[in-house]
Student: 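Please read through the structure below; I'll follow up with questions.
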2 protein chains.
Amino acid sequence: MVEQDRARGTGPGARERRPDRKPTMADIAQHVGVSRALVSIVFRGKEGASEETRRRIFEAAAELGYRPDSLARGLRSNRTRTLGVLFDLRRPFEVELVEHMYPAAEQLGYHLLLGAVTPTRGQEHVVDELLRYRCEGLIVVGPDLDGHRLDAIADEVRLVEVGRAVTRGPVDVVRNDDALGTRQAVEHLVALGHRRITHIDGGPNPGASDRRAGYQRAMTDHGLAGEIRVVPAGYTDEDGAAAGRRLLDGPLPTAVIAANDQAAIGLLDVMLRAGVRVPQDLSVVGYDDSRFAKLPGIDLTSVRQDIPGMADFAIKAVVERLDLPEREPKQIALPPQLVVRGTTAAPHGA
Amino acid sequence: MVEQDRARGTGPGARERRPDRKPTMADIAQHVGVSRALVSIVFRGKEGASEETRRRIFEAAAELGYRPDSLARGLRSNRTRTLGVLFDLRRPFEVELVEHMYPAAEQLGYHLLLGAVTPTRGQEHVVDELLRYRCEGLIVVGPDLDGHRLDAIADEVRLVEVGRAVTRGPVDVVRNDDALGTRQAVEHLVALGHRRITHIDGGPNPGASDRRAGYQRAMTDHGLAGEIRVVPAGYTDEDGAAAGRRLLDGPLPTAVIAANDQAAIGLLDVMLRAGVRVPQDLSVVGYDDSRFAKLPGIDLTSVRQDIPGMADFAIKAVVERLDLPEREPKQIALPPQLVVRGTTAAPHGA
DNA sequence: TTGTAAGCGTTATCAC
DNA sequence: GTGATAACGCTTACAA
């Protein structure tokens with residue numbers, strides 16, 4: 001027997017007890033009395049092993065507590081079947097997106113390797129980490145790197161951007177149709193009878209300019225170009241509160257559309273403290289349909305992004321480009337959906 | 001030159017363009033004209049290479065776009081310096097905990113491998129995945145597996161449990177001192193002059209029984225055993241709202257301590273709708289100091305767990321046990337801190 | 001200071 | 001159906 005390689009002593013001292021070493025395929029092979037190659041075949045589910053052998057190998061594996069080694073496997077096969085996902089742990093939206101990527105990846109036979117951006121780990125650092133683990137594709141949620149850097153990365157690995165496009169290279173992009181969301185909000189309010197609808201702007205934040213543009217175009221389309229009013233703000237409570245205070249200085253609109261939920265909540269608070277009743281005196285719409293929007297006592301009408309759809313698209317896009325190397329990259333903007341809750345109603349005079 | 005191994009053709013056809021293959025140490029070695037071993041030494045920062053050689057190797061690495069291969073490294077050295085972290089992506093508390101683990105791990109020279117539990121991936125599945133990547137230690141946040149299973153895992157890898165202890169094996173455990181948190185809440189309220197303090201119970205949820213016990217003991221210690229009142233509820237908005245409605249059936253206490261923020265918020269909503277003013281008529285304390293508690297318009301007094309402290313302890317514990325194999329496992333309960341906000345004040349009669 | 005050679009646990013390519 | 005053998009990219013004695 002030439003290939004006895006790492007066979008351990010089976011002399012009188014070696015009883016039935018568990019070995020102190022992690023069992024390998026060689027151990028199973030030895031235990032069953034076949035070659036390692038055959039064990040490998042069985043574990044990969046390839047054909048080329050008899051039913052009887054399969055059974056005995058699985059049996060031995062269970063008995064020895066064997067677990068395949070992803071490192072060795074990836075190294076040798078040059079195929080990790082792993083997708084890296086770069087996202088920001090502090091953003092609930094991105095976390096939820098990641099959650100939805102799992103079933104999609106699993107179904108296509110890929111693993112997810114999470115690369116969390118945190119205050120101590122920038123995107124560049126995380127990309128490097130992911131690439132060292134040989135992930136075959138990279139999904140970057142909320143890319144923050146400059147376009148050139150990302151183009152260089154796209155050169156090394158299949159890339160998908162989620163949220164916004166910062167590159168012109170061969171990269172798939174999936175994002176929310178931000179403009180459509182604010183349009184839906186405008187249309188909902190117009191249908192309720194509102195005309196004086198103000199937008200609380202998101203400033204330089206991701207998606208904010210499209211949300212503003214969607215508002216402006218929808219207002220124009222409904223003959224309300226003269227009613228367009230944009231109050232500069234941002235994505236935080238405090239931004240929304242400040243915008244609310246500005247609004248209180250003049251005659252109130254009958255409805256506001258905030259660039260996101262946080263700002264809407266800050267604004268809501270200022271309004272309620274000032275004695276403005278919502279939705280009787282003022283209708284308020286948020287954006288993101290975050291957990292805050294669903295809270296009793298807030299119950300905010302809000303625009304929900306299609307998170308499962310985006311997750312699904314991102315995974316499928318990268319896997320497709322892995323399987324069909326010459327497939328052209330796609331770009332897509334998924335439609336959001338307005339979730340109507342308690343902060344919107346017909347205006348007073350209607 | 002015996003060791004020219006995978007040297008690629010450098011003939012007339014091979015211009016300066018980037019190779020289509022990922023560069024390896026062999027490429028750098030060849031480029032510089034040294035052995036692979038030397039390149040390895042340099043990349044690991046070990047001494048035994050001249051300054052000049054170091055410089056030239058780093059230069060070549062940068063030029064070729066080299067990136068060390070974590071798979072090969074881990075496989076060969078049998079040392080991945082990787083810690084697996086099992087946590088639930090849906091629980092903001094756990095996500096925040098993970099975020100704080102990064103700096104601690106990085107400082108000790110370890111990487112984190114995230115194992116996210118989601119509705120489609122149970123704890124067992126995630127543990128298996130993590131172990132296949134050869135992580136050397138495993139941090140299980142909110143263990144849900146039964147004790148025997150976890151004991152078996154502790155047999156394969158250094159284990160730390162965060163949140164609760166489900167095993168008796170050689171395992172470190174770090175958790176919040178849940179009872180101390182409710183005690184702090186009781187003492188805060190008593191200092192404000194409250195006596196009729198009711199606890200909104202967390203039911204069978206993690207930490208809930210300790211929170212209840214802390215409340216009961218603190219009440220007793222302040223001579224308020226006769227005022228102890230526990231309303232069964234849970235950890236959701238709806239649980240809190242239901243408890244609030246029950247409370248409204250009888251004479252109101254002057255203060256309530258909810259088992260968590262969600263329940264507190266559900267209760268708050270019911271109270272405000274019923275015309276009960278907070279904090280004038282009723283003081284409310286939550287638990288977790290979640291993002292909800294900080295929202296303007298909620299501004300909830302709440303008990304904050306020491307998340308950075310727990311993260312730090314978990315990482316240090318597992319690394320210590322990796323470095324000092326015979327170190328005894330530790331168990332610790334970290335003290336939380338009461339964060340006083342707008343929902344607590346002196347009772348009416350005070 | 002530097003090079004040689006032997007693996008780590010797996011898969012791929014041949015043979016038989 | 002099955003087995004031997006050579007890699008994958010790296011680390012680690014040990015030799016020079």
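Values reported hereafter were calculated over all heavy atoms of this structure, with side chains retained and with hydrogens, waters and symmetry mates removed. Numbers restart at 1 for each chain; the letters A, B, ... are given by sequence-line order, proteins then strands.
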Student: In whole angstrom, give the distance that lies between atom CZ of A/R73 and atom P of D/dC10.
Tutor: 21 Å
Student: For D/dG3 and A/S35 - does any side-chain N or O of the residue sit under 4.0 Å from the phosphate oxygens OP1/OP2?
Tutor: yes
Student: Could you walk me through whether B/D69 and B/R76 pass the salt bridge (charged side-chain N to carboxylate O under 4.0 Å, His left out) check?
Tutor: CA-CA 11 Å; B/D69 186 316; B/R76 170 60 235 227; over 6 Å; no
Student: Name all residues meeting the side chain to side chain contact (heavy atoms under 4.5 Å, CB included) criterion together with A/R79; count only those two or more places apart in sequence or in a different chain, and write none if there are none.
Tutor: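 With neighbours one apart ignored, the set is A/S77, A/R81, A/Y110, A/E136, A/D323.
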Student: Rounding to a whole Å, what distance do you find between A/I41:CD1 and C/dT11:P?
Tutor: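 Whole-Å distance recorded here is 10 Å.
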Student: Restricting to salt bridge (charged side-chain N to carboxylate O under 4.0 Å, His left out), what partner residues turn up for B/E96, sequence neighbours left out?
Tutor: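 Per chain and number, B/E96 pairs via salt bridge (charged side-chain N to carboxylate O under 4.0 Å, His left out) with no residue.
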Student: Which whole-number value in Å describes the distance from B/Q30 CD to D/dG9 P?
Tutor: 14 Å
Student: Is B/S40 touching bases, backbone alone, or none of the nucleic acid, heavy atoms closer than 4.0 Å?
Tutor: base
Student: Would you check if A/R91 and A/V141 make a side-chain contact, meaning some heavy-atom pair closer than 4.5 Å?
Tutor: no
Student: So if I take every side-chain heavy atom of B/S77 and compare against D/dT2, D/dT11, C/dA12, which nucleotide ends up nearest?
Tutor: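 The closest nucleotide is D/dT11.
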Student: Could you give the CZ-to-C1' distance, from B/R44 to C/dT2, as a whole number of Å?
Tutor: 14 Å
Student: Atom CG of A/L64 and atom C1' of C/dG9: how far apart are they, to the nearest Å?
Tutor: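 Spelled out: CG on A/L64 to C1' on C/dG9 is 15 Å.
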Student: I'd like to know if A/R36 reaches the base of C/dT10 with its side chain such that a donor and an acceptor end up less than 3.5 angstrom apart.
Tutor: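 Side chain to base: pair found, below 3.5 Å.
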Student: Just how far, in rounded Å, is C1' of D/dT12 from CE of B/M25?
Tutor: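 Taking CE of B/M25 and C1' of D/dT12, I get 12 Å after rounding.
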Student: Using a 4.0 Å heavy-atom cut-off, does B/R79 contact any base of the nucleic acid, only the sugar-phosphate backbone, or nothing at all?
Tutor: nothing
Student: Has the side chain of B/R76 got a donor or acceptor atom sitting under 3.5 Å from an opposite partner on the base of C/dG7?
Tutor: yes
Student: Could you check how far NZ of A/K46 sits from C1' of D/dT2, rounded to whole Å?
Tutor: 16 Å
Student: Across the strands shown, which category fits B/R54 at heavy-atom distances under 4.0 angstrom: base, sugar-phosphate, nothing?
Tutor: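 Counting heavy atoms under 4.0 Å across all strands, no contact is made by B/R54.
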Student: Side-chain N or O of B/Y133 less than 4.0 angstrom from OP1 or OP2 on C/dG9?
Tutor: no
Student: Just the rounded figure in Å: distance from C1' of C/dG7 to CG of A/L75.
Tutor: 12 Å
Student: If you assign each of B/A72 and B/E47 to its closest nucleotide in DNA chain C, which residue comes earlier from the 5' end?
Tutor: B/E47
Student: Quick one: is B/S50 getting a side-chain N or O under 4.0 Å of the C/dT2 phosphate, OP1 or OP2?
Tutor: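 Checking B/S50 against C/dT2: at least one side-chain N or O falls below 4.0 Å of OP1 or OP2.
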Student: Classify A/F43 by what it touches in the nucleic acid, base, sugar-phosphate, or nothing, heavy-atom distance under 4.0 Å.
Tutor: nothing
Student: What is the nucleic acid contact for B/N78, judged by heavy atoms within less than 4.0 Å: base, sugar-phosphate only, or nothing?
Tutor: nothing
Student: Please report the C-alpha distance between A/L86 and A/V117 in whole Å, then the side-chain angles of each, then the deciding distance to 0.1 Å, and finally whether the side chain to side chain contact (heavy atoms under 4.5 Å, CB included) criterion is met.
Tutor: CA-CA 7 Å; A/L86 184 152; A/V117 169; 3.8 Å; yes
